[in-house]
Amino acid sequence: MITSWHTSSKEGNAMHDARALVQLGDEAVRRLARKGYTLDLPAIEELLHRRNQKIALGDELRAESKKLAASVGQAAKSGADVSELKIQARALKEQIADVSFQADQAAHELSELMLTIPNMPVDEAPDGFSEDDAVEVRRVGDVPDFGFEPKDHVDLGEALGILDLARATKLSGPRFSVTRAAGAKLERALAAFFLDLHTTEHGYTEFSVPNLVNTETMTGTGQLPKFEEDLFKTGVGSRELYLIPTAEVPLTNLHGDEIIDAETLPYAYTSHTPCYRSEAGSYGRDTRGILRLHQFSKVELVRICEAETSRDELEKMLSHAEACLRKLGLAYRVIMLAAGDTGFNSTLTYDIEVWLPSQDKYREISSVSDCGQFQARRAGIRVRDKQGRKQFAATLNGSGLPIGRTLAALLEQNQQADGSIRIPDALVPYTGFSMIKADGTPA
RNA sequence: GGUGGCGUGUCCGAGUGGCCGAAGGAGCACGCCUCGAAAGCGUGUGACGGUGCAAGCCGUCCGUGGGUUCAAAUCCCACCGCCACCGCCA
């Protein structure tokens, strides 16, 4: 029947979002202001109103059209002349097409606007817009006290012959890495160690997922439409796919457009995947080493739960990410990000920062976020409780952990005066060696 | 990439122009029966949107998008997906 504005669940969900925002009113304006976003509430109200008005009118006309069509059928059966009725019906149809078009237009406009509005931070997140405004939650582990000048992971890795950045540049350009021998083995060991830890001790289910996803998937978790420039895009013929910047994208979208039975929640998912990021707009930063690459691998954690429990789930996930560093004996701290520094998707974010001796400071190694119902709304992840009530789920994600940055921290924190590296006990079953000797050979 | 077949509700499955949101069955929920259970019987059982305090009313959805028609699950076109065989391939 002509056109329909009900078919896209993405848009339907955006509508829901709009109504929620309007209901919150000044509260929404206040909360978003803490993130540095100026919410144009009147514009949303106007679009919502216009859309609803057009839909109501369209529905009315359509009901009339259905009745008319039925009466044409009746009349034709009884042999009456229906040509007059047909002309009427056709005119009505044109009107419907016109109104539908207007409704679609308003819905699209609203949807486009809604998709660019960031998630609202919770009040618990401290004020401010930079990392300096973050609140330190705790420090864990002793910052190593070397009796010598510690080297950075590049000097260490290249001297050991386990890291080769020059050749990586030859292959692909800047911001790529090659690891070799004990270095490559170490990466594989870290990934396996993290996955085993999460699946056996923390109750996560391991997944192997696509690393190329479509536009809808990227929109579901909030990478699109706003952050396209951060992504690598591939295309063959008319087909366009994006390389995932994190396994959060495929893992969270696994349940897109589904209604989940509440009793089966929470879901705890993990996956080890490569992550691809353009790093547009970070030209001068972290140009040395393997801290910021176009491709790195990471073990990601995702939890899906009911909205009411997400705050507790966030603490659980944080502890799971922290366990990775504790077991490796790496010094780190946990901070709670300021409202204005939390990501587009997030209501509340903890960062875990690992100690990096060469920089004499803590550097981000994991970001653990409660996205509330934000992503679920975009992706259409709903929950049905025992009473049959439906609501959007809550989603959380966190790194647990990235392989490259962990490797860098491990090399730097565990270096010895002669340039050899001590392997943490927990990792030895995975590496098969407990030392990388100064000449690069495992022992 | 080629040829053929197919895409209907939680599932199976009927439906070739109006009486179809859609028969029938299964599943599930509730009720009856029963000491209890099974069987049997009865009732109910999709999503989304608009409107309303609510009951309700209205609209949309039969892979997706277009088209034909007063009227489409049903006819036409394109695309997507699935199955089978062939080709190619890690």
Side-chain angles (χ1 to χ4, degrees), chain A residues 1-23 44-111 114 208 210-217 219-220 235-241 255-264 274 373 376-393:
Chain A
M1 169 88 28
I2 326 290
T3 51
S4 165
W5 48 76
H6 306 305
T7 47
S8 163
S9 65
K10 306 291 181 217
E11 268 176 34
N13 297 341
M15 286 333 121
H16 187 104
D17 210 7
R19 184 161 294 118
L21 272 185
V22 168
Q23 254 169 25
I44 294 172
E45 277 171 349
E46 192 277 321
L47 279 170
L48 191 60
H49 178 71
R50 198 165 88 211
R51 164 187 176 272
N52 292 352
Q53 226 178 10
K54 297 298 179 188
I55 286 177
L57 179 57
D59 283 355
E60 223 172 279
L61 292 172
R62 211 173 278 105
E64 199 181 320
S65 167
K66 280 174 81 167
K67 278 187 203 131
L68 192 54
S71 69
V72 171
Q74 287 301 316
K77 205 172 285 177
S78 65
D81 177 24
V82 294
S83 55
E84 190 60 36
L85 284 172
K86 283 192 185 184
I87 291 168
Q88 244 184 71
R90 213 172 285 138
L92 193 53
K93 192 177 143 184
E94 266 171 49
Q95 247 189 90
I96 292 170
D98 188 48
V99 173
S100 295
F101 176 75
Q102 291 174 39
D104 277 345
Q105 217 174 24
H108 268 109
E109 265 178 69
L110 181 57
S111 170
M114 294 307 300
S208 176
N211 301 161
L212 286 164
V213 300
N214 60 31
T215 305
E216 287 68 45
T217 302
T219 306
V236 176
S238 60
R239 201 159 176 210
E240 285 186 344
L241 292 169
H255 293 288
D257 290 320
E258 289 184 13
I259 301 177
I260 300 166
D261 192 348
E263 284 155 58
T264 66
Q373 296 176 300
R377 207 168 255 142
R378 296 167 74 107
I381 308 170
R382 285 170 293 161
V383 182
R384 193 200 317 272
D385 64 22
K386 284 126 271 171
Q387 288 86 313
R389 288 178 305 227
K390 289 182 296 270
Q391 66 159 348
F392 287 103

Practice task
Applying side-chain contact (heavy atoms from CB on, under 4.5 Å), name anything that partners Gln23(A), two or more places apart in sequence or on another chain.
Solution key: Arg19(A)
Handout entry: For atom CG of Asp104(A) and atom C1' of C61(B), their distance in whole Å
Key = 15 Å
Problem - Rounded distance in Å between the P positions of C76(B) and C82(B) - result: 24 Å
Practice task
Determine the interatomic distance between P on U68(B) and the same-named atom on G49(B); round to the nearest Å.
Solution key: 30 Å
Practice task
Take Ile259(A) and Ala63(A), find for each the nucleotide of RNA chain B with the closest heavy atom, and name the residue whose nucleotide sits nearer the 5' end.
Solution key: Ile259(A)
Exercise for the section: Measure from the side-chain heavy atoms of Arg384(A) and tell me the nearest of A47(B), G50(B), G59(B). Expected result: A47(B)
Exercise for the section: Rounded to whole angstrom, note down the P distance from U16(B) over to U74(B). Expected result: 12 Å
Problem - Between G13(B) and C88(B) - C1' atom distance, rounded Å - result: 38 Å
Handout entry: Rounded interatomic separation in angstrom, taking CG from Asn214(A) and P from C79(B)
Key = 19 Å
Practice task
Could you grab the distance from atom CE of Met114(A) to atom CG of Leu110(A), nearest 0.5 Å is fine?
Solution key: 6.0 Å
Exercise for the section: Could you give the distance separating U8(B) and G67(B) at their P atoms, to the nearest angstrom? Expected result: 24 Å
Handout entry: Atom pair distance, as rounded to whole Å: CZ in Arg19(A) and C1' in C48(B)
Key = 12 Å
Handout entry: Whole-angstrom distance between G81(B) and C89(B), as gauged at atom P
Key = 23 Å
Practice task
Determine whether Lys390(A) and Ile259(A) make a side-chain contact, defined as any pair of heavy atoms from C-beta on separated by less than 4.5 Å.
Solution key: yes
Problem - Among A71(B), G50(B), C48(B), the one nearest Lys390(A) by side-chain distance - result: C48(B)
Practice task
Could you tell me whether the side chain of His108(A) and the main chain of Asp104(A) form a donor-acceptor pair under 3.5 Å?
Solution key: yes
Handout entry: First of Arg90(A) and Glu60(A) reached from the 5' end of RNA chain B, by closest nucleotide
Key = Glu60(A)
Exercise for the section: Confirm from the modelled atom types if Asp59(A) and G49(B) form a donor-acceptor pair under 3.5 Å, side chain to base only. Expected result: yes
Handout entry: Whether over 12 other heavy atoms sit under 6.0 Å from Glu46(A) CD
Key = yes
Handout entry: Atom pair CD (Gln105(A)) and CZ (Arg50(A)), whose distance is rounded to the nearest 0.5 Å
Key = 7.0 Å
Problem - Separation of the P atoms in U3(B) and A73(B), to the nearest angstrom - result: 30 Å
Completion exercise
Ala89(A) meets the side-chain contact (heavy atoms from CB on, under 4.5 Å) criterion, sequence neighbours left out, with Leu68(A)
Handout entry: Structure string for RNA chain B in dot-bracket form, Watson-Crick and G-U at under 3.5 Å, | interchain
Key = ((((((((.[[[..)..(.....]]]((((((.......))))))((((((....)))))).[[[[[..)....]]]]])))))))....
Exercise for the section: Kindly write out the residues that satisfy side-chain contact (heavy atoms from CB on, under 4.5 Å) with Glu64(A), not counting sequence neighbours, or none if the list is empty. Expected result: Leu61(A), Leu92(A)
Problem - Gap between atoms CD and P, on Glu216(A) and G81(B) respectively (whole Å) - result: 13 Å
Exercise for the section: Could you give the distance separating A29(B) and C83(B) at their C1' atoms, to the nearest angstrom? Expected result: 35 Å
For nucleotides 18-21 of chain B, which of its nitrogen or oxygen atoms have a protein nitrogen or oxygen under 3.5 Å away, and what is each distance?
unit_1	atom_1	unit_2	atom_2	d
G18(B)	N2	Ala69(A)	O	2.7

Fill in the blank from the handout: With sequence neighbours left out, the residues meeting side-chain contact (heavy atoms from CB on, under 4.5 Å) with Leu212(A) are Thr234(A), Leu241(A), Leu243(A)
Problem - Any Arg382(A) side-chain N or O less than 4.0 Å from OP1/OP2 of A47(B) - result: no
Handout entry: Length of the CG-P vector between Leu57(A) and C58(B), whole Å
Key = 18 Å
Handout entry: NZ on Lys66(A) to OG on Ser71(A), rounded to 0.5 Å
Key = 13.5 Å
Handout entry: Rounded distance in Å - CG (Leu61(A)) to P (G50(B))
Key = 17 Å
Practice task
Indicate yes or no for a side-chain donor-acceptor contact from Asp261(A) to the backbone of Thr264(A) under 3.5 Å, with no hydrogens or angles considered.
Solution key: no
Exercise for the section: Whole angstrom is fine here: how far is it from CG in Asp257(A) over to P in G9(B)? Expected result: 15 Å
Handout entry: Rounded distance in Å - CD1 (Ile55(A)) to C1' (C57(B))
Key = 17 Å
